[in-house]
Amino acid sequence: MDTKLRTLAIKTFATACFIFGMIMNSLGAVTWICGSYTGNGTTQTISGLGFDPEAVIIKSSGNTTAFIKTSFMTGTNSRGFSSTAGFVTNAITGFGTSAFSIGANAGVNTNGTVYYFYAFKSSNVVKIGTYTGNGAANRNIVSTGSANTKFVIIVPQSTYGGSVWYTHNNTAAGYSYDDGSPTSHWDSPAPVTPPTTGFSTVSGADPRTNVNLIVYHYIGFVEVAGECEVNAYTGNGTNGRALTGLGLKPYFTLSTGGSTAILARSRSLTGDATQYFSATSNASNLIESFQNSGFTVGNDAAVNNNIFNQTYVVLGGASG
């Protein structure tokens, strides 16, 4: 394989230090990994993940949308996060043994371009599934299992807008949407009581989450001590603000709140760089760096606006 996984600057997957961006439970089961590869403009397989993936998100450093595929998206279908085109068949094309495959779509495989990927499998932390909309208000999606899913990326199968995210933190039930458009942000302090299992769709017949007969796909995150932290903080506009005491060493963070954007950073990214899942280039002054038990944010309004609560999910481990 001519593709280089650059999750760590080491030589063998077997080396313990290669566990970069992975979560491992006490039995050593890998549940997610972050890494990068260089596009070749045709097709290629990204292998050596350490598990059979059930969901993958890919984003370049440039102003192209992220692409998402889950195991519930049939065939070679995947979806652009902020695209209105619905499914495409030449982006993330399939899953294999410890691998995923990509086609020639410029959003995932332009020759010479570096892409960053976030790969997941279902676990006690990550919930992957699908449901069909019924148009009902405040609908509970309980197929995620027995856990309270606190941060969810929802992908409509239709050509409506882009994907959305939904979240509620530990102290208050707050819900927000992001479909990649700066005019469509929606936020509410507590329209419904969150279920103890799964998550709620919030609004009846909203095309982003619950239109009758439309199929939706999701990747959800469950708070688990020492592995996944979902919470929020109030922005203060201070640059270099450290958020510590998470009880885990972060390797992957999703953050959102003061803008209409999902922001992502893993330890695969170097320097002061953060990714937007919408069609926006990597930017600085957002999620600036990681510490042993937290992360540092800049004073950009997308992560540290002194008006909004900022919600985040962090995956990691006690010592990495």
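Here Ser255 contributes atom OG and Leu263 contributes atom CG; the two are 5.5 Å apart, rounded to the nearest 0.5 Å. For the atom pair OH (Tyr276) and OG1 (Thr65), the distance works out to 14.0 Å, reported to the nearest 0.5 Å. Distance check, rounded to the nearest 0.5 Å: CG of Asn304 to CG of Asn299 gives 7.0 Å. Rounding to the nearest 0.5 Å gives a distance of 10.0 Å between OG1 of Thr113 and OH of Tyr37. Interatomic distance, Ile214 CD1 to Gln157 CD, rounded to the nearest 0.5 Å: 8.5 Å. A distance of 4.0 Å separates CD1 of Ile92 from CD1 of Ile58, quoted to the nearest 0.5 Å.
Proximity of a side-chain donor or acceptor of Tyr116 to a complementary backbone N or O of Arg265 within less than 3.5 Å is not detected. A donor-acceptor pair under 3.5 Å is formed between the side chain of Arg79 and the backbone N or O of Pro156. In terms of modelled atom types and a separation under 3.5 Å, the side chain of Asn305 and the main chain of Gly235 share no donor-acceptor contact. Panel note: side chain Asn210, backbone Ala136; a donor-acceptor pair is recorded below 3.5 Å. No donor-acceptor pair under 3.5 Å is formed between the side chain of Glu288 and the backbone N or O of Thr296. A donor-acceptor pair is defined here as one N or O able to donate and one able to accept, closer than 3.5 Å; such a pair exists between the side chain of Ser281 and the backbone of Asn63. Panel note: side chain Ser98, backbone Leu49; a donor-acceptor pair is recorded below 3.5 Å. Gln275 places a side-chain N or O within donor-acceptor distance of the main-chain N or O of Lys59, the cut-off being under 3.5 Å. In this structure, the side chain of Asn109 engages the main chain of Gly103 through a donor-acceptor pair within 3.5 Å. The backbone N or O of Ser47 sits nowhere less than 3.5 Å from a side-chain atom of Thr45 that would complete a donor-acceptor pair.
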Derivation and outcome, side-chain contact (heavy atoms from CB on, under 4.5 Å), residues Val108 and Phe117: CA-CA 10 Å; Val108 299; Phe117 66 84; over 6 Å; no
Can Leu243 and Val297 be said to form a side-chain contact (heavy atoms from CB on, under 4.5 Å), step by step? CA-CA 8 Å; Leu243 301 161; Val297 296; 4.2 Å; yes
Criterion side chain to side chain donor-acceptor pair (under 3.5 Å) on Ser289 and Gln291, from CA distance to verdict: CA-CA 7 Å; Ser289 62; Gln291 286 79 48; 3.2 Å; yes
Go through Val88 and Ser78 one step at a time and tell me if the side-chain contact (heavy atoms from CB on, under 4.5 Å) criterion holds. CA-CA 6 Å; Val88 298; Ser78 63; 3.8 Å; yes
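The shortest side-chain heavy-atom distance between Ile57 and Ile219 falls under the 4.5 Å cut-off. In this structure, Leu315 and Tyr251 have side chains that are not in contact, with every pair of non-hydrogen atoms separated by 4.5 Å or more. Thr31 places none of its side-chain heavy atoms less than 4.5 Å from the side chain of Glu227. Residues Val125 and Val222 are not in side-chain contact: their nearest non-hydrogen atoms beyond the backbone lie 4.5 Å or more apart. Using a 4.5 Å cut-off on side-chain heavy atoms (C-beta onward), Thr43 and Ser101 make no contact. By the 4.5 Å heavy-atom criterion applied to side chains, Leu246 and Tyr312 are counted as neighbours. Put simply, the side chain of Ile262 reaches to within 4.5 Å of the side chain of Leu254, judged on heavy atoms. Side-chain contact between Asp52 and Phe95 is absent, with no heavy atoms from C-beta onward closer than 4.5 Å.
Note on Ile68 and Phe72: same hydrophobic cluster, where clusters join Ile, Leu, Val, Met, Phe, Trp and Tyr whose side-chain heavy atoms are under 4.5 Å apart, directly or indirectly. In this structure, Phe67 is not a member of the same hydrophobic cluster as Val215, with clusters built from ILVMFWY side-chain heavy atoms closer than 4.5 Å.
The minimum heavy-atom distance linking Tyr115 with Gly107 is given by the pair CE2-O, 3.2 Å.
Side-chain contact, Asn285 with Asp272: no donor N or O sits under 3.5 Å from an acceptor N or O. At a cut-off of 3.5 Å, with distance as the only test, no side-chain donor of Thr76 or Thr89 sits close to an acceptor on the other residue.
Ring geometry for Tyr218 versus Tyr131: interplanar angle of 30 to 60°, hence tilted. In this pair, Phe295 and Tyr233 present their aromatic rings perpendicular. The plane angle is above 60°, beyond the 30 to 60° band. In this structure, His217 and Phe87 have tilted ring planes: the angle between them lies in the 30° to 60° band.
Ring pair Phe221/Phe120: centre-to-centre distance below 6.0 Å.
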